[in-house]
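Lettering follows sequence order; numbering is per chain, from 1.
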Number of protein chains: 4
Amino acid sequence: MRRRLQTEKLDQRREEILDASERIFARKGYHAAGIADIADELGLGHGTFYRYFKNKHDIALQVFDRVMMRFTAIGLEEDPTASNSIEEYRAQTIRILHRWLALAEERPHLLRFFHEQTVAVDMDRLAHVIEAYTLQTARFLQNGIDKAFLRADLDVRNTAEVLVALIFEGTRRALGMPDAEARRRWVAAGVNLMFDGIRPR
Amino acid sequence: MRRRLQTEKLDQRREEILDASERIFARKGYHAAGIADIADELGLGHGTFYRYFKNKHDIALQVFDRVMMRFTAIGLEEDPTASNSIEEYRAQTIRILHRWLALAEERPHLLRFFHEQTVAVDMDRLAHVIEAYTLQTARFLQNGIDKAFLRADLDVRNTAEVLVALIFEGTRRALGMPDAEARRRWVAAGVNLMFDGIRPR
Amino acid sequence: MRRRLQTEKLDQRREEILDASERIFARKGYHAAGIADIADELGLGHGTFYRYFKNKHDIALQVFDRVMMRFTAIGLEEDPTASNSIEEYRAQTIRILHRWLALAEERPHLLRFFHEQTVAVDMDRLAHVIEAYTLQTARFLQNGIDKAFLRADLDVRNTAEVLVALIFEGTRRALGMPDAEARRRWVAAGVNLMFDGIRPR
Amino acid sequence: MRRRLQTEKLDQRREEILDASERIFARKGYHAAGIADIADELGLGHGTFYRYFKNKHDIALQVFDRVMMRFTAIGLEEDPTASNSIEEYRAQTIRILHRWLALAEERPHLLRFFHEQTVAVDMDRLAHVIEAYTLQTARFLQNGIDKAFLRADLDVRNTAEVLVALIFEGTRRALGMPDAEARRRWVAAGVNLMFDGIRPR
DNA sequence: AATGAATGAGACTTCATTCAT
DNA sequence: CATGAATGAAGTCTCATTCAT
């Protein structure tokens with residue numbers, strides 16, 4: 001029991017360091033961020049790091065993973081078979097995107113990781129996250145085809161990839177936008193394109 | 001004439017260094033790349049750089065600009081008012097995308113710059129390129145609306161942004177693909193989404 | 001208390017580095033002296049410097065200031081109004097000069113700073129020290145005139161400057177002399193000149 | 001004869017480079033001055049130097065020697081035995097000092113060499129010049145003693161050294177002064193001190 | 001004889017990591 | 001466990017000097 005408390009305390013400190021690193025990495029980028037910066041952010045000695053993380057790259061990796069997990073959770077917690085009509089799927093899509101936006105608005109620095117930290121961490125790591133997201137998106141599309149509310153001739157795999165690309169790059173842009181209203185219009189334009197394309201009906 | 005030859009030779013050396021730097025930066029990223037790496041690539045002394053470029057950042061900037069220019073040229077050399085029907089526009093779009101792919105296939109490392117060098121060079125520089133591309137895309141869309149072969153209710157500005165996001169992120173993915181055939185399928189899926197969306201007609 | 005001890009230790013190390021730098025700068029001059037030389041002198045890693053001093057120029061400045069302070073202290077700690085007769089002033093002058101000599105003999109490298117480090121550090125810094133010394137000397141002269149043991153027609157300001165020039169340049173020469181006896185004769189010749197000139201009485 | 005012309009032309013170029021180097025060294029100091037600066041000053045390629053001078057240090061040495069020679073000439077061209085009275089010697093002294101000032105005023109950069117280039121060139125070289133000057137000054141003093149217009153108990157050698165120190169350091173100061181009038185007053189104060197000291201008669 | 005492109009030794013500086021306290 | 005002083009590898013940049021043209 002004593003041991004358990006000890007461990008919890010350690011885990012808490014570990015978490016604090018991860019939080020601080022997340023902020024610092026987002027603010028300055030991997031290379032410009034120094035271990036000292038993170039230490040200062042917490043008022044710790046920088047030697048203390050090395051009790052919790054092997055080295056700078058190790059911290060970066062874990063920060064990256066944690067950020068990724070937050071975003072992937074949003075997509076993965078939706079049931080790909082829940083929608084039974086195009087309207088439901090459209091609503092579900094918008095719901096997911098708005099959750100992304102909400103997370104990004106709440107923690108504006110998070111999204112920098114998708115794109116700027118790619119060099120620092122394993123390229124493979126990001127590829128893995130993207131693959132998971134693509135598969136999930138494909139499940140949504142397949143569900144629509146099965147239930148005949150999406151075009152039967154859809155190239156599921158590639159279209160899923162296109163959509164994921166759109167989501168990732170889109171959210172990056174979203175952060176540069178001045179206000180929530182602009183972001184919502186952007187999402188609307190994206191969803192319209194996704195569902196109806198640019199050709200007149 | 002003597003002077004002219006001299007200058008040409010210098011320009012050639014300058015070009016060689018830019019070429020080598022492009023390769024090295026693409027291979028290792030800005031931070032990991034050392035001046036020495038670039039020097040070795042050419043079999044030159046590293047001091048030679050500083051006869052042609054002020055410092056490391058200066059080289060990075062110029063490499064970045066050169067790469068950008070190649071890609072932007074592709075989009076900007078097409079006439080946004082050339083298409084008079086949806087079929088023509090579709091063909092034009094596919095033509096542009098295939099030119100991007102061709103360039104990317106020919107020089108596989110180029111596209112890394114769009115996304116990984118953003119920290120190294122001015123963020124503004126990339127923003128500027130993207131803005132130019134977005135405006136050009138908007139012209140294409142407006143042309144289609146004017147000639148009634150695109151949906152009249154299109155949010156031109158935001159849709160243009162969405163499409164540019166799609167192109168930039170899409171081409172990045174394209175590089176990770178195994179073969180040209182896969183890339184072509186990806187482009188097809190993208191173009192289909194762009195023109196017709198996922199809803200059945 | 002713990003903190004206090006820590007700080008003292010740091011200050012001590014800072015002082016050691018200043019001492020070593022003083023020796024090295026005096027031995028080789030600012031430009032020829034490398035950070036590595038100073039590090040070696042102390043058996044430290046050269047990185048250790050940068051924990052105590054911003055950069056090479058910063059060290060030079062502080063060494064220079066410290067050396068200056070030692071010499072200026074000698075002149076400034078005497079009371080310019082203490083002497084009431086020419087004999088007393090002569091004695092006071094000799095006392096000051098012998099203190100300079102003693103300091104120079106004790107630390108033979110110190111005086112090089114007055115003349116050889118001028119380029120490295122701010123020219124203004126030396127000018128400031130000299131001005132302070134000149135003013136102090138002028139006070140001595142004025143005291144003598146007021147008490148009528150010095151010539152009434154003395155150009156106080158300019159004569160003070162001449163004397164300071166003599167002291168500074170003179171002490172530099174003193175260092176090149178073989179023995180203490182030679183130095184004392186030099187000082188005697190200087191003081192004789194100062195008080196009585198070369199014209200017979 | 002052809003050979004002679006050739007040689008003259010070379011000597012002329014050599015002289016030009018020495019002139020330019022003198023200006024540049026005086027302006028920036030030995031270390032900060034680059035071979036390129038001197039080359040630019042003349043509109044020459046910097047490789048051309050190495051046809052005339054072995055290396056940077058070699059140029060510095062020769063520039064230094066040339067500058068020294070100009071100043072020493074002033075003192076050495078006067079006859080130490082010419083004066084037969086204290087008034088004549090005083091006039092002679094003032095004449096020499098005013099020639100120094102005139103040279104310094106005409107070429108304001110020259111005097112920097114006495115003091116700031118000491119590190120760059122051999123310390124011995126300057127010592128040699130100073131020794132020559134001291135000997136000459138001693139001859140003047142001895143002449144005065146022999147002819148009984150100077151104090152018989154003068155320590156000739158040391159007083160000569162003191163006077164030379166005064167001249168060298170004094171002229172340095174003179175350069176920092178705002179106008180010719182200020183310089184003249186300084187010289188007057190110096191000469192008064194030299195002849196009569198500060199004690200009232 | 002003149003040039004200036006190329007060179008590389010050498011100097012400075014940073015910062016991730018270690019380890020004695 | 002925490003600390004932060006010490007370290008030195010690694011990287012950038014300068015500039016005197018050489019040498020092919």
A/His31 NE2 - F/dA10 C1' separation (whole Å): 13 Å

Under the side chain to side chain contact (heavy atoms under 4.5 Å, CB included) rule, what do B/Gln62 and B/Lys54 come out as? Steps first, then yes or no, please. CA-CA 11 Å; B/Gln62 303 203 33; B/Lys54 203 157 51 36; over 6 Å; no

Given the rule that a pair is Watson-Crick or G-U wobble with both distances under 3.5 Å, how would you write DNA chain F in dot-bracket, using | for pairs to a different strand? .||||||||||||||||||||

A/Arg51 side-chain proximity, nearest of E/dG4, F/dA2, E/dA2: F/dA2

Atom pair distance, as rounded to whole Å: CD1 in D/Ile38 and P in F/dC15: 13 Å

Which nucleotide, E/dT13, E/dA2, F/dC13, lies nearest any side-chain atom of C/Lys56? E/dT13

Separation of atom NZ in D/Lys28 from atom C1' in F/dT14, rounded to whole Å: 13 Å

CA sep, side-chain torsions, deciding dist, call: B/Phe49, B/Leu44, side chain to side chain contact (heavy atoms under 4.5 Å, CB included): CA-CA 9 Å; B/Phe49 267 105; B/Leu44 293 177; over 6 Å; no

Atom-to-atom span, OH of D/Tyr30 to P of F/dC15 - whole angstrom: 13 Å

Strictly distance-based, threshold 3.5 Å: is any side-chain N or O of D/Lys56 a donor or acceptor partner for the main-chain N or O of D/Tyr30? yes

How would you label the contact of C/Tyr52 with the nucleic acid (heavy atoms, under 4.0 Å): base, sugar-phosphate, or nothing? sugar-phosphate

Protein-nucleotide distance (C/Leu42, atom CG; F/dA5, atom P), rounded to Å: 17 Å

Enumerate the protein-to-nucleotides 8-10 of chain E contacts in which both atoms are nitrogen or oxygen and the separation is below 3.5 Å.
unit_1 : atom_1 : unit_2  : atom_2 : d
E/dA9  : N6     : B/His46 : NE2    : 3.0

Using the side chain to side chain contact (heavy atoms under 4.5 Å, CB included) rule, take B/Ile130 and B/Met68 through it: C-alpha gap first, then chi angles, then the decisive distance, then the call. CA-CA 10 Å; B/Ile130 287 177; B/Met68 286 299 123; over 6 Å; no

May I have the distance from B/Lys54 (atom NZ) to F/dT12 (atom C1'), rounded to whole angstrom? 13 Å

Give a yes or no on whether the backbone of A/Asp37 and the side-chain of A/Asp40 come within a donor-acceptor separation of less than 3.5 Å. no

Please examine the side chains of D/Phe25 and D/Ile59, heavy atoms only from C-beta on, and report whether any two atoms are closer than 4.5 Å. yes

Measure from the side chain of A/Ile35, starting at C-beta and using heavy atoms only, and say which of F/dA16, E/dA16, E/dC12 lies closest. E/dA16

Within the structure shown, what part of the strands sits under 4.0 Å from D/Ala33 by heavy-atom distance: base, sugar-phosphate, or nothing? sugar-phosphate

Please state how far atom CZ in A/Phe49 lies from atom P in E/dC19, giving the value in whole angstrom units. 19 Å

Rounded distance in Å - CZ (B/Arg13) to P (F/dT21): 13 Å

Pick the closest DNA chain E nucleotide for B/Gly43 and for C/Tyr50 by heavy atoms, then say which residue is nearer the 5' end. B/Gly43

Between the CD atom in B/Glu15 and the OH atom in B/Tyr52, the distance rounded to the nearest 0.5 Å is 12.0 Å

Identify the heavy atoms of B/Val63 and B/Glu22 that sit nearest to each other, and give their distance. CG1-CA, 3.8 Å

Is there a side chain to side chain contact (heavy atoms under 4.5 Å, CB included) between C/Asp19 and C/Leu42 once you walk through the steps? CA-CA 10 Å; C/Asp19 289 342; C/Leu42 288 169; over 6 Å; no

